[in-house]
Amino acid sequence: MRPHLRITRELSEALDAGQAVVALESTIISHGFRYPANVECARECESIAREEGVIPATIAVIGGQLAVGLSEQEIERLGRSREIPKASRRDLPLLIASGRDGATTVAGTMAVAAMAGIGVFATGGIGGVHRGAEHSFDISADLEELARTSLAVVSAGAKSVLDPGLTLEYLETRGVPVLGYRTGAFPAFYTRDSGFPVDARLETPEEIASVLQAKWEAGLTGGVLVVNPIAEEHALPADGVESAVSSALAEAREGGIRGKAVTPFLLARIHELTGGASEAANKELVWSNVRLASRIALALASRGRRTHIRGRQL
Ligand code: PSU
Ligand code: MN
């Protein structure tokens with residue numbers, strides 16, 4: 001067992017037995033929604049995974065431990081407190097050393113999930129290359145983590161505060177395949193099409209699992225981004241989203257928002273500007289991603305595919 005890693009007994013037994021497990025992040029709890037919607041959303045994610053026959057592993061830093069699997073009280077604490085720092089890979093050592101709590105981003109969650117031996121992870125939207133990154137250099141650590149860590153990340157694409165074209169260029173450079181689930185278009189979170197194509201369109205969780213197996217068996221370590229567009233009936237009108245995004249971006253610029261505060265600031269402003277509609281859409285797409293990730297995890301497990309053995313990436 002790795003030092004600083006805390007895994008529930010249920011998850012540790014499931015992973016040892018090669019059963020299907022899905023990782024879930026916690027920045028979405030502490031920074032993605034308000035209380036109590038955040039806690040309700042996190043609980044629903046866990047119950048959807050269980051309905052699908054998969055064990056959920058919500059990940060966070062708890063009292064300085066890299067926690068894989070959280071208690072109800074811990075999820076409540078992450079949702080209720082307004083002081084839980086966002087934890088990407090670079091934040092983990094400080095949180096461990098100071099014994100504090102942290103809400104893991106996609107990058108932070110991937111790093112910890114891989115230590116535990118988990119191969120599939122469901123989230124809402126990933127971080128990416130921000131609009132104007134040629135000046136700000138703002139590129140999410142999520143993309144670096146996808147390049148280095150062998151996990152499939154299921155998301156609804158990148159929110160339009162990001163530049164989808166630059167995000168895809170970066171993923172290409174770093175060797176990360178982008179697989180569209182029943183879509184040929186890279187989705188833009190609230191909407192189904194960013195105007196950019198994915199690398200391949202696949203129709204079933206089994207086909208996706210076969211690409212994951214091929215990549216990792218061949219020794220091609222690193223992640224795969226699986227994109228699952230929001231269902232037609234929950235998608236938001238593109239012009240409304242764009243106007244909220246432009247206002248939020250202008251406010252961030254005027255307010256001098258920088259570094260890790262940028263994404264939470266933009267997401268919170270977009271939620272406020274679009275009212276309840278975006279929050280409802282956000283929940284629906286996360287749940288749909290958990291369902292797809294669960295099915296991919298089951299397909300991978302039925303192939304007897306292990307991505308890691310005792311923390312060592314294969
Ligand atoms: N995009 C969303 N919702 C989110 C995030 C991004 O639509 O909740 C969160 C995720 O946890 C993601 C993080 O990993 O923001 C990216 O932050 P940054 O851009 O600072 O890397
Ligand atoms: Mn950033």
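What's counted below: heavy atoms across the whole structure, side chains too, no hydrogens, waters or symmetry copies. Just so you know, ligand 1 is whichever comes first in the structure, and atom 1 is the first atom listed for that ligand.
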Contact partition for Thr105 relative to ligand 1, non-hydrogen atoms under 4.0 Å: both

Region of Thr263 that comes within reach of ligand 1 [heavy atoms, distance under 4.0 Å]: side chain

If you have a sec, work out which protein heavy atom is nearest [atom] and how many Å separate them, to one decimal?
atom: atom 9 (C) of ligand 1; result: Thr27 CG2, 4.1 Å
atom: atom 21 (O) of ligand 1; result: Ser140 OG, 2.6 Å
atom: atom 5 (C) of ligand 1; result: Leu267 CD1, 3.8 Å
atom: atom 6 (C) of ligand 1; result: Gly125 O, 3.5 Å
atom: atom 11 (O) of ligand 1; result: Glu25 OE1, 2.7 Å

contact_flag His31 ligand 1 heavy-atom lt 4.0 Å: no

The Mn ion (ligand 2) neighbourhood, protein N/O/S only, threshold under 2.8 Å: Asp138 OD1

For Asp142, the ligand 1 atoms whose distance to one of its heavy atoms is below 4.0 Å: 12 (C), 14 (O), 16 (C)

Sub-4.0 Å atoms of ligand 1 with respect to non-hydrogen atoms of Phe189: 7 (O)

Arg100 atom CZ, neighbour heavy-atom count above 12 within 6.0 Å: no

Atom CZ of Arg50: over 12 foreign heavy atoms under 6.0 Å: yes

Common cluster, [X]/[Y], ILVMFWY with side-chain heavy-atom separation under 4.5 Å:
X: Tyr35; Y: Ile29; result: yes
X: Leu267; Y: Leu24; result: no
X: Val262; Y: Leu249; result: yes
X: Val198; Y: Leu168; result: yes

Trace of the salt bridge (Lys or Arg N to Asp or Glu O under 4.0 Å) decision for Lys260 with Asp91: CA-CA 10 Å; Lys260 70 196 269 185; Asp91 305 299; 3.5 Å; yes

Just by modelled atom types, is the [Y] backbone N or O under 3.5 Å from a matching donor or acceptor in the [X] side chain?
X: Ser288; Y: Glu284; answer: no
X: Thr274; Y: Ile270; answer: yes
X: Ser150; Y: Gly223; answer: no

From the candidates Met110, Arg89, Lys159, Lys86, the one that places a heavy atom nearest atom 7 (O) of ligand 1: Lys159

Backbone or side-chain N or O of Gly127 under 3.5 Å from ligand 1 N or O: no

Separation of Asp101 CG from Gln65 CD (nearest 0.5 Å): 11.0 Å

Contact check, side chains of Arg201 and Tyr181, non-hydrogen atoms, under 4.5 Å: no

